[in-house]
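This structure is a prediction, so every number in the text was calculated from the model and none was measured. Read the numbers this way: they start at 1 and go in the same order the structure lists the ligands and their atoms.
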Amino acid sequence: MFAVQFDRFGGPDVLHLTTTDAPRPAAGQIRIRVQAAGVSPVDVGLRAGRTPMSAKLPLPHIPGVDAAGIVDEIGDDVDGVTIGDHVFGIVDLTQLGGATAQFAVLQLWARKPPTMPWAQAGAAGSSIETATRALDLLDPQPGTTLLVDGAAGGVGSIAIQLAAARGIRVIGTARADNHDFLRQLGATPVTYGPGLTDRLNALDLPRVDRALDVAGAGTLTELLHLTGSPTAVVSLADFTAPTHGVRLSMGQLAGEPDGRHGLNAAATLFTEGRFTVPIEAAFPIQKATDAHETAERGSRRGKIVMTVDDAQGI
Ligand SMILES: NC(=O)c1ccc[n+]([C@@H]2O[C@H](COP(=O)([O-])OP(=O)(O)OC[C@H]3O[C@@H](n4cnc5c(N)ncnc54)[C@H](OP(=O)(O)O)[C@@H]3O)[C@@H](O)[C@H]2O)c1
């Protein structure tokens with residue numbers, strides 16, 4: 001099969017298109033012919049060799065944890081899916097990648113709604129799982145207010161919508177250029193950075209009952225002050241969280257219950273017109289370097305994705 005891979009850690013230019021053996025699904029897994037694969041911060045960090053997980057990564061490595069495609073092989077002990085089904089989901093996270101290729105093996109998946117574009121489906125899996133897991137941990141009640149710090153990116157833009165669908169009022173932080181984007185997704189926007197509490201007070205918004213730290217930008221003290229309790233805050237990206245008494249949620253890799261049920265729920269919401277996967281940019285797989293360069297820029301609206309077409313192969 002063809003695949004994007006890297007043989008050494010470095011900048012986006014270490015990515016190259018090559019041919020390699022197609023993976024086979026183990027028990028509980030399925031293989032898909034990939035139509036689209038997301039690019040996430042973890043993929044960029046692993047490729048750059050700057051996360052602790054990079055040290056465990058066998059090279060060469062095919063990046064990408066999210067993919068959507070057409071089921072072409074089914075492992076043992078799998079029910080409810082048929083060859084030819086259109087699905088989206090997440091690779092086996094212990095492998096830390098494998099999605100940006102002609103074929104990929106999925107560990108978690110849901111049926112893709114027929115009207116959901118491949119690009120949205122390919123980018124969605126881990127952000128939906130993460131947002132669902134964080135909301136389950138925070139357990140905000142309908143009518144209460146959730147602050148999402150770092151709301152415009154891949155996880156935040158999805159967390160806003162899933163929270164709103166649960167009947168929760170959402171305030172999201174973003175740079176000013178992204179405020180209309182947040183409004184469209186159902187959140188009240190406020191600019192991130194120092195002075196957040198003062199800006200919230202000036203806007204005369206409801207009291208913040210729960211806070212989700214997506215950005216890991218060092219705001220935990222302020223989020224604790226706003227909510228009044230460490231149990232009312234969850235971080236996805238601030239490794240100092242435990243020193244504040246705040247839960248740092250790392251999901252399956254840390255042995256936590258995952259948010260897999262969120263995949264089917266988000267698919268249903270999409271079909272009802274209540275959910276979308278915002279795509280900032282889509283690149284053909286041959287432009288993997290450009291996709292990672294864009295992902296490295298930090299500020300964004302939603303997800304970066306690569307599209308895969310057999311006709312594009314090498
Ligand atoms: N623990 C887990 O299970 C888990 C799972 C997935 C991701 N993550 C982590 O969660 C983080 C976010 O992931 P992502 O996929 O959403 O990233 P992303 O798509 O790259 O989005 C990052 C967002 O952060 C915002 N941002 C930048 N500086 C900020 C600041 N000082 N305060 C608040 N927001 C700021 C940007 O907003 P603007 O565009 O408005 O500037 C941008 O939209 C990453 O660190 C990722 O590794 C953790």
Engineer: Is it true that the side chains of T276 and Q161 contain a donor and an acceptor less than 3.5 Å apart?
Structural biologist: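 Per modelled atom types, T276 and Q161 side chains form no pair under 3.5 Å.
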
Engineer: Has N201 got more than 12 heavy atoms of other residues, nucleotides or ligands less than 6.0 Å from its CG?
Structural biologist: yes

Engineer: Starting from the N and O atoms of ligand 1, find every protein N or O within less than 3.5 Å and list the pair with its distance.
Structural biologist:
from: ligand 1; atom 1: 1 (N); to: L236; atom 2: O; distance (Å): 2.9
from: ligand 1; atom 1: 1 (N); to: S249; atom 2: O; distance (Å): 2.7
from: ligand 1; atom 1: 3 (O); to: R133; atom 2: NH1; distance (Å): 3.2
from: ligand 1; atom 1: 3 (O); to: R133; atom 2: NH2; distance (Å): 3.0
from: ligand 1; atom 1: 10 (O); to: V214; atom 2: O; distance (Å): 3.4
from: ligand 1; atom 1: 16 (O); to: G154; atom 2: N; distance (Å): 3.3
from: ligand 1; atom 1: 16 (O); to: V155; atom 2: N; distance (Å): 2.9
from: ligand 1; atom 1: 19 (O); to: G154; atom 2: N; distance (Å): 2.8
from: ligand 1; atom 1: 19 (O); to: R300; atom 2: NE; distance (Å): 3.2
from: ligand 1; atom 1: 20 (O); to: R300; atom 2: NE; distance (Å): 3.0
from: ligand 1; atom 1: 39 (O); to: R175; atom 2: NE; distance (Å): 3.4
from: ligand 1; atom 1: 39 (O); to: N178; atom 2: ND2; distance (Å): 3.0
from: ligand 1; atom 1: 39 (O); to: R300; atom 2: N; distance (Å): 2.8
from: ligand 1; atom 1: 39 (O); to: R300; atom 2: O; distance (Å): 3.1
from: ligand 1; atom 1: 40 (O); to: R175; atom 2: N; distance (Å): 2.9
from: ligand 1; atom 1: 40 (O); to: N178; atom 2: ND2; distance (Å): 3.0
from: ligand 1; atom 1: 41 (O); to: R175; atom 2: NE; distance (Å): 3.3
from: ligand 1; atom 1: 41 (O); to: Y192; atom 2: OH; distance (Å): 2.6
from: ligand 1; atom 1: 41 (O); to: S299; atom 2: OG; distance (Å): 2.6
from: ligand 1; atom 1: 43 (O); to: G153; atom 2: N; distance (Å): 3.1

Engineer: Under the side chain to side chain donor-acceptor pair (under 3.5 Å) rule, collect the residues that match up with Q184, sequence neighbours excluded.
Structural biologist: none

Engineer: Is F239 isolated, or which residues cluster with it under the ILVMFWY side-chain rule of less than 4.5 Å, directly or via members?
Structural biologist: L248, M250

Engineer: For V233, which fellow cluster members are found when Ile, Leu, Val, Met, Phe, Trp and Tyr are connected by side-chain heavy-atom distances below 4.5 angstrom, either directly or through intermediates?
Structural biologist: L147, I171, V190, L196, L200, L203, L205, V208, L220, L223, L224, L226, V246

Engineer: Supply the atom-to-atom distance R47 CZ to H61 NE2, rounded to the nearest 0.5 angstrom.
Structural biologist: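 Separation between the atoms: 11.0 Å.
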
